[in-house]
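Each chain gets a letter, A, B and so on, in the order the sequences are listed, and its residues count up from 1.
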Amino acid sequence: MVAGLDVHYHGDDELTAAVVVLDSGTLSVVEQVTVHGRTTFPYVPGLFAFRELPALVEALERLTVTPDLLVCDGYGLAHPRGFGLACHLGVLTGLPSLGVAKTPFVGTHTTPGRERGSWTPIVLGDSTVGRALRTQRAIKPVYVSPGHRIDLDTVTDQVLRLAPRFRLPDPIRKADHLARHGT
DNA sequence: GCGACAG
DNA sequence: ATCTTGTCGC
C-alpha cells in the first residue's frame, strides 16, 4: 500500500492535510483521511517540514492501515541540509518514504531526455542526492529523492510506476484533490 | 557580500 | 501555497 500526502492552505493560517492510501497494484483508493488545523510555522525554504509535518503526522496517525511507502510532496535527501520533508516523515513514522518536488531547489542538474523514464542526476557537493525525472513524454520533469529506507533506483521505479498517466504520481494527485475539495 | 530558495 | 487572465487540447 502506498500513501500520498499533501497540504492545502486557506485564508490566513488555516490548512487541511490529506493522506490517501492506494493499493500499490491497482492504484485504487483504500483509505483517506483529512485533518484541519492552523499553521504554526511560516514557509521558510529549507524548513518546509516544520510547517507541514504536524498536520501530516496527525493524519497518518488516524489511518487504520499502515502504508508500505509514503509519497511526499517536496524533497527528501535533495535538501540544503540533506533532510527534507520526506526524510522527517519517514523517520518519525519509521516507514519508507520518498519526495517528489515540482520545481528545482538545490544542487545542479541537466535537462533529462524528453522520453518518459529518462532522468539526470541532481548533484550537491560531490554526491548525487536525487534525480530530475521525466514521468511523461515532453512534460516538465519532477525532482525526486529518497526520504527514508529507500534507494534512488527504487524511488525512480516507484515514481514512474505511480505516474502512469500524469506528471505527478497518483497518490500525490489524489491527496492534493482531497485536501482542496474534500473528496 | 547578496540574492535566491521545496510548498 | 494562493490569485488571476488567457490559451491550448482532448
Please step through ring-ring contact (aromatic ring centres under 6.0 Å, His included) for the pair A:Phe50 and A:His88, ending with a clear verdict.
CA-CA 9 Å; A:Phe50 293 102; A:His88 281 247; 5.8 Å; yes
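- As rounded to whole Å, 11 Å separates atom P of C:dT2 from atom CG of A:Asp73.
- Within the 4.5 Å cutoff, the side chain of A:Leu133 has no heavy atoms near those of the A:Ser118 side chain.
- Annotated stems with DNA chain C as a participant are lacking; only runs of 3 or more Watson-Crick or G-U pairs under 3.5 Å would qualify.
- Contact between the side-chain N/O atoms of A:Lys102 and the OP1/OP2 oxygens of B:dG7 is found at a separation under 4.0 Å.
- Rounded to an integer number of Å, the gap from A:Leu124 CG to B:dC5 C1' is 13 Å.
- Within the 3.5 Å criterion, the main-chain N or O of A:Arg167 finds no donor-acceptor partner in the side chain of A:Arg134.
- The closest side-chain donor-acceptor pair between A:Thr16 and A:His36 falls under 3.5 angstrom.
- Between the side chain of A:Ser97 and the main chain of A:Ala86, a donor-acceptor pair closer than 3.5 Å is present.
- Residue A:His181 contributes atom NE2, which lies 10 Å from atom P of C:dT2 at whole-angstrom precision.
- Between the side chains of A:Glu52 and A:Tyr9, a donor-acceptor pair is found at a separation under 3.5 Å.
- Base contact: A:Leu47 has a heavy atom under 4.0 Å from a base atom.
- Between the CG atom of A:Leu5 and the C1' atom of B:dA6 there is a distance of 15 Å, given to the nearest Å.
- Contact annotation for A:Leu15: no contact, since no heavy-atom pair falls under 4.0 Å across all strands.
- Counting non-hydrogen atoms under 4.0 angstrom, A:His8 reaches the backbone sugars and phosphates but no base.
- Across the protein-nucleic acid pair, A:Arg81 atom CZ and B:dA6 atom P stand 16 Å apart, rounded to whole Å.
- Donor-acceptor pairing under 3.5 Å is recorded for the side chains of A:Asp151 and A:Thr154.
- A:Lys140 places its NZ atom 12 Å from the P atom of B:dA6, with the value rounded to the nearest Å.
- Side-chain proximity of A:Arg180 to the nucleotides C:dT2, B:dG7, B:dC5 is greatest for C:dT2.
- Contact annotation: A:Tyr143 does not reach the phosphate of B:dA6 (side-chain N/O to OP1 or OP2, under 4.0 Å).
- Among the heavy atoms of the strands, none lies under 4.0 Å from A:Gly99.
- For A:Thr103 and B:dC5, the shortest distance from a side-chain N or O to OP1 or OP2 is not below 4.0 Å.
- Shown here is A:Asp12, whose CG atom has no more than 12 heavy atoms of other residues, nucleotides or ligands within 6.0 Å.
- At a cut-off of 3.5 Å, with distance as the only test, no side-chain donor of A:Arg51 or A:Thr40 sits close to an acceptor on the other residue.
- Per the stacking criterion (ring centres < 5.5 Å, plane angle < 30°), A:Phe48 does not stack onto the base of B:dG7.
- Distance A:Ile172 CD1 to B:dG7 P: 10 Å, rounded to the nearest Å.
- Nucleic acid contact class of A:Tyr9 (heavy atoms, under 4.0 Å, all strands): sugar-phosphate only.
- Note: A:His79 and A:Phe48 fail the aromatic proximity criterion, with ring centroids not under 6.0 Å apart.
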Dot-bracket assigned to DNA chain B with the 3.5 Å Watson-Crick/G-U criterion, [ ] for crossing and | for other-strand pairs, is .......
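- Rounded to whole angstrom, the span from the CZ atom of A:Arg51 across to the P atom of B:dC5 amounts to 17 Å.
- Across all strands shown, A:Pro104 has heavy atoms under 4.0 Å from sugar-phosphate atoms exclusively, and none from any base.
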